[in-house]
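One structure below.
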Amino acid sequence: MKSIITKNNQPIKEITQQDIHELKDCLEQLASWQEPLKLLNKFFENQAIPLNKKKIMREFHSQARIFNTFHENFLFSTNSLKKKIDNLGEKEKINISK
């Protein structure tokens, strides 16, 4: 058997279409947070005067819930991506029979 190697004499690993699809899914999941995060950013950038304390408290609680949901999802997604990348690193190297 002959291994296929790169310019740096590193063997090429087998990566399936499913592996690529799973990584794209994780990336799309993280990208789906762009709009809610823009709203959070807008809320915290708002330095309008005079301050309406009741409105700020109401918005703060809703924004805090959005952030907590994002934070949980972000931690889950980054852990999932780390596992997927580790699994890709452990994939078999491609061999060619001659």
Side-chain angles (χ1 to χ4, degrees):
M1 284 193 188
K2 180 181 177 187
S3 292
I4 298 175
I5 55 174
T6 64
K7 289 190 282 187
N8 300 332
N9 293 329
Q10 297 294 317
I12 297 175
K13 298 200 178 202
E14 178 182 304
I15 298 175
T16 64
Q17 190 65 34
Q18 180 65 28
D19 295 327
I20 294 168
H21 180 69
E22 288 175 2
L23 289 174
K24 283 183 180 179
D25 283 347
C26 284
L27 183 59
E28 286 175 9
Q29 186 178 10
L30 288 172
S32 72
W33 280 101
Q34 288 180 358
E35 289 304 315
L37 289 175
K38 284 180 186 177
L39 291 174
L40 276 172
N41 189 44
K42 184 178 177 183
F43 171 74
F44 287 109
E45 281 184 341
N46 186 6
Q47 301 294 324
I49 297 178
L51 298 176
N52 182 337
K53 291 180 184 179
K54 288 182 181 181
K55 181 180 177 187
I56 290 173
M57 288 303 294
R58 192 171 47 248
E59 287 183 15
F60 176 81
H61 288 292
S62 64
Q63 299 297 338
R65 285 185 173 206
I66 291 171
F67 177 77
N68 286 333
T69 303
F70 164 74
H71 188 252
E72 290 172 9
N73 184 271
F74 181 79
L75 292 176
F76 175 79
S77 295
T78 53
N79 287 335
S80 177
L81 278 173
K82 182 184 180 318
K83 288 177 187 175
K84 289 175 184 178
I85 290 170
D86 290 344
N87 288 339
L88 289 176
E90 295 169 1
K91 289 275 188 175
E92 286 188 35
K93 294 166 181 70
I94 296 176
N95 290 312
I96 297 179
S97 301
K98 278 199 172 184

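Minimum interatomic distance between T78 and L75 (heavy atoms only, all atoms of both residues): OG1-O, 3.0 Å. Among all heavy-atom pairs drawn from F43 and I56, the shortest one is CZ-O, 4.0 Å. Closest approach of K84 and E22 over heavy atoms only: NZ-O, 3.5 Å.
Criterion: ILVMFWY side-chain heavy atoms under 4.5 Å apart, direct or through other members. Under it, F60 and L37 are part of a common hydrophobic cluster. Linking Ile, Leu, Val, Met, Phe, Trp and Tyr residues whenever their side-chain heavy atoms come within less than 4.5 Å places F74 and L81 in a single cluster.
By the side-chain hydrogen bond (donor to acceptor under 3.5 Å, both in side chains) test, H21 is found to be paired with D25, residues two or more places apart in sequence or in another chain being considered. Applying the salt bridge (charged side-chain N to carboxylate O under 4.0 Å, His left out) test to E35 and every residue at least two apart in sequence or in another chain returns K38.
Taking NZ of K82 as the reference point, atom CG of N87 lies at 10.0 Å (rounded to 0.5 Å). Atoms NE2 and OG1, on H71 and T69 in that order, are 11.5 Å from each other to the nearest 0.5 Å.
Between W33 and F70, the angle of the ring planes goes over 60°, which puts this pair in the perpendicular group of the 30/60° scheme.
Taking the side chain as every heavy atom from C-beta outward, L39 and I66 never approach each other to under 4.5 Å.
No donor-acceptor distance shorter than 3.5 angstrom exists from the side chain of N79 to the backbone of F76, with no hydrogens or angles considered. Looking only at distances, a side-chain donor or acceptor of N68 sits under 3.5 Å from a matching main-chain atom of A64.
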